[in-house]
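Beneath this line is the structure, given in C-alpha cells, with notes to follow.
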Amino acid sequence: MAAADWQLVCGLEVHAHLKTRTKMFCRCELEYGAAENTHTCPVCLAHPGALPVANSRAIEMTILLGLALDCEIAERAVFARKNYFYPDLPKGYQISQYEAPLCGPGRFVLPTPAGDREIGIVRAHLEEDAAKTVHAGGATGRSVGADYSLVDFNRGGTPLLEIVSAPDLRSADEAMSYLRLLRQTIRELGVSDADMEKGTLRADVNVSVRRAGEDGFRPRWEIKNMNSFRFVGRAIEAAFRQQVAAHEAGEEVVQSTYDYDPDTDRLTVHRSKEEADDYRYFPEPDLVPVEPPAELVDRLRGEVPESPVERIRRLSDELGVASATELVATGHERKAEALAAEGLEWKAAAAIAMNRDDFRPENAAALARIVQANVTREALDEAFAAAAEGPIDAEQYLSRTALGDTDALAPVIDAVIAAHPDQVETYRGGKEGVLGFFVGQVMRETGGKADPKVVSELLREKLKG
Ligand SMILES: [Zn+2]
C-alpha cells in the first residue's frame, strides 16, 4: 500500500501564557526577561502552609477565549492537582483542571480552498506553568551533557491556558493553518502575546494514521513542547511517514512521547506515555470551585470581537482563501484594507501590507498615491519609514518617480550592453541569472531612478540579439 492510502489523524494541545499582571495563584508580578528568581513568594515557591488564591482576571480571560471558540462555559469548574515530580515543580504537583474544565466542547471553523472545515475543540482549561530549568555548561545547552542545572522560579505559577482540539486535522498544512489562526484569535482577544519565540505559545502535537475508510484510532505519538511553526509541520509529516512505514512493515506502533530532531528530520522515542492514572488527579483542597456568574459570561460574550475567520471570509472574494488566510494569520489585513479603501488594487495592497512595516492609519491615502505613482524604491522606503512615525505629505515623494520611459532608458541600456560583451555572451549561452547584473548596471547609471521592472523587460528584449 502507498502512503496515499493512509490518512493522517492529528490533534493539537496548545498552551498560551495569559497576559495577566500577576501569577495564577499569588500576587507575584509577571515580567518576561526579568533577572532570575526575582519574582517569587512563599506560594509559588511552595513553602509549607502557603495558600493559593485564584487570579480572577485569568479566569475571565479563559472564559473569553472559550466564548470565542463556541465552547460551553462551565457553571462549576474545579481545580485539580496533577501530581508528578520534576525539579522545576517545587510542590510536587501542578494545579490544573481535569474533570471539570472552565470551557467544554466547542469548535473552530477553518477556511480552506476546498471549503470550511470544522475542527472540534474538546476543552479549554486553566492551569499554572512550571518554573524553568536552565542547563548550564557543556556544549549543547541541553540536559544531556550539561555540567549542572539551575531553576528560575519566575515562570513558576504563570497562568497557562490549554486548548485541546479533537483529532480532526488531516494534513500538516491544515494543522499549521489551525495553529496560526488560533494564535491570531488569542492575540486579538488580548489574552496572550502567544509568541512561540518567547515561549508564550507552545504546542503538543498528537499524530496517528489510519487506512482510508477505517473507523477508530490507532496508537498515537505525542510530540511535546513544539516552539516553531515550521517544525510543527515537519514533525507531523515525519511522524506520518514513519508510522505508515511501520504499519506497512507489520511493526507494532506504540503510544509514546516522541522528540523531533530537525537535523535528521526524524522522530525518536522520548519515553512511554504516562496514563492519566499516573498523575493521581484529585480536586485541589485549597481552592473553591469556580462558578462564573451568568452576568459575567454575558458581559464577556459582548467583548468577543469579530473573529479572524470571519474576516478571511470577507477578504477571500478579493484575494482567494489562501492569500486572505495568510494576510489575516499574520495580522496584516487592516493595513491592506486601509490601502484598498484608498483605491489601491487588492492584490497590491495585500503584498504591501505583508512586506512593509506598520504605518499610521491616517497615512493610508498618501501611501496609496505614492505607490500608484511608481516612485523609486528609495522614495518608497523613506515614505513608509516616515509613515510609521507621523503624518506624511505625499507631494514630498510624488516627484521622485522611477524612470519607466522606454525612450529615455533605451540609450542607457544600449550603452551598458555594449560595455559588457563577455556578460552578453554568457547570457546568450543560457545563463539567465546574468540579467540581474545588467539591471544593476542600469540602476547605477540612472542613479537608482529607473523602474527595475521596465529595465528587465527591455534588457530581455535587447539581449535576445
Ligand atoms: Zn509568588
Side-chain angles (χ1 to χ4, degrees), residues 11-28 30 52-82 94-110 118-129 157-166 178-179 181-195 200-204 281 283-284 286-311:
L12 297 186
E13 293 171 24
V14 174
H15 295 88
H17 275 175
L18 290 178
K19 222 162 51 174
T20 50
R21 196 177 58 78
T22 55
K23 291 188 183 180
M24 187 59 226
F25 298 113
C26 63
R27 299 182 63 99
C28 288
L30 289 170
V53 177
N55 183 329
S56 58
R57 187 67 197 125
I59 291 169
E60 289 184 13
M61 287 174 161
T62 305
I63 295 173
L64 187 66
L65 184 276
L67 291 169
L69 300 183
D70 260 342
C71 289
E72 291 168 21
I73 306 303
E75 288 177 8
R76 188 171 191 272
V78 177
F79 285 109
R81 285 191 185 180
K82 181 181 184 182
Q94 176 191 28
I95 303 178
S96 181
Q97 297 184 317
Y98 183 51
E99 283 173 335
L102 254 177
C103 308
R107 66 203 186 98
F108 193 89
V109 175
L110 201 61
E118 192 172 305
I119 309 303
I121 301 293
V122 177
R123 57 191 275 148
H125 70 249
L126 189 52
E127 58 188 30
E128 57 177 341
D129 203 357
T158 301
L160 199 59
L161 177 68
E162 178 171 339
I163 303 153
V164 182
S165 88
Y178 164 79
L179 187 56
L181 289 176
L182 181 62
R183 173 185 65 172
Q184 192 60 20
T185 303
I186 293 170
R187 284 181 173 173
E188 289 178 15
L189 289 169
V191 301
S192 171
D193 291 334
D195 186 336
T200 54
L201 186 79
R202 309 193 294 265
D204 298 346
Y281 281 99
E284 167 60 61
D286 291 338
L287 288 164
V288 290
V290 183
E291 296 177 342
E295 310 85 75
L296 172 71
V297 177
D298 284 345
R299 172 170 70 77
L300 292 170
R301 203 182 297 280
E303 288 178 18
V304 177
E306 184 187 38
S307 75
V309 171
E310 285 162 50
R311 294 205 302 283

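For the pair Ile95 and Asp286, the minimum side-chain heavy-atom distance is 4.5 Å or more. Two residues are said to be in side-chain contact when any heavy atoms from C-beta on lie closer than 4.5 Å; Pro159 and Leu30 meet this criterion. Put simply, the side chain of Leu182 reaches to within 4.5 Å of the side chain of Leu69, judged on heavy atoms. Taking the side chain as every heavy atom from C-beta outward, Leu102 and Pro292 approach each other to under 4.5 Å. With contacts defined as side-chain heavy-atom distances shorter than 4.5 Å, the pair Phe25/Glu284 does not qualify. Between Asp70 and Ile121 there is no side-chain heavy-atom pair separated by less than 4.5 Å.
The minimum heavy-atom distance between Lys19 and Gly190, with the atom names listed, is CE-O, 3.7 Å. Between Leu65 and Ala124, the shortest heavy-atom distance links the atoms CD1-CB, 4.2 Å. Ala74 and Pro101 make their closest contact through CB-O, 3.3 Å (heavy atoms, listed as atom of the first residue, atom of the second, distance). In plain terms, the two heavy atoms of Val309 and Val109 that are nearest each other are CG2-O, 3.1 Å. In this structure, Arg27 and Arg21 approach most closely via the heavy-atom pair NH2-NH2, 4.5 Å. Between Ala16 and Leu201, the closest heavy-atom pair is CB-CD1, 4.1 Å.
Not a single donor-acceptor pair under 3.5 Å links the side chain of Asp129 to the backbone N or O of His17. For the pair Asn55 (side chain) and Lys23 (backbone), a donor-acceptor distance under 3.5 Å is present. Judged purely by atom type and a 3.5 angstrom limit, Gln94 uses its side chain to pair as donor or acceptor with the backbone of Glu128. Checked by atom type and distance alone, the side chain of Gln97 pairs as donor or acceptor with a backbone atom of Leu126 at under 3.5 Å. At least one donor-acceptor pair under 3.5 Å links the side chain of Arg123 to the backbone N or O of Tyr98. Formation of a donor-acceptor pair under 3.5 Å by the Ser165 side chain with backbone atoms of Leu12 is found in this model.
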- Residues Ile73, Cys103; criterion side-chain contact (heavy atoms from CB on, under 4.5 Å); working and verdict: CA-CA 5 Å; Ile73 306 303; Cys103 308; 4.0 Å; yes
- Task: Please lay out, stage by stage, how Arg202 and Leu160 fare under the test side-chain contact (heavy atoms from CB on, under 4.5 Å).
- Result: CA-CA 10 Å; Arg202 309 193 294 265; Leu160 199 59; 4.0 Å; yes
- Worked check of side-chain contact (heavy atoms from CB on, under 4.5 Å) between Thr185 and Phe108: CA-CA 10 Å; Thr185 303; Phe108 193 89; 3.8 Å; yes
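In the displayed structure, Glu99 atom CD is contacted under 6.0 Å by at most 12 heavy atoms of other residues, nucleotides or ligands. Within 6.0 Å of the CD atom in Glu310, the count of heavy atoms belonging to other residues, nucleotides or ligands exceeds 12.
Within the model, atoms CG of Leu189 and CZ of Arg187 stand 12.5 Å from one another, a figure rounded to the nearest 0.5 Å. Glu188 CD to Leu181 CG: the interatomic distance, rounded to the nearest 0.5 Å, is 9.5 Å. To the nearest 0.5 Å, atoms OG1 (Thr62) and CD (Glu127) are separated by 10.0 Å. Here the CG atom belonging to Leu18 is positioned 9.5 Å from the CZ atom belonging to Arg57, to the nearest 0.5 angstrom. For the atom pair OG of Ser192 and NE2 of His15, the computed distance is 12.5 Å after rounding to the nearest 0.5 Å. Here the straight-line distance linking atom CZ of Phe79 with atom CD1 of Ile59 works out to 5.0 Å at 0.5 Å rounding.
For Arg299 and Glu303, the salt-bridge test passes: some basic side-chain N is under 4.0 Å from an acidic carboxylate O.
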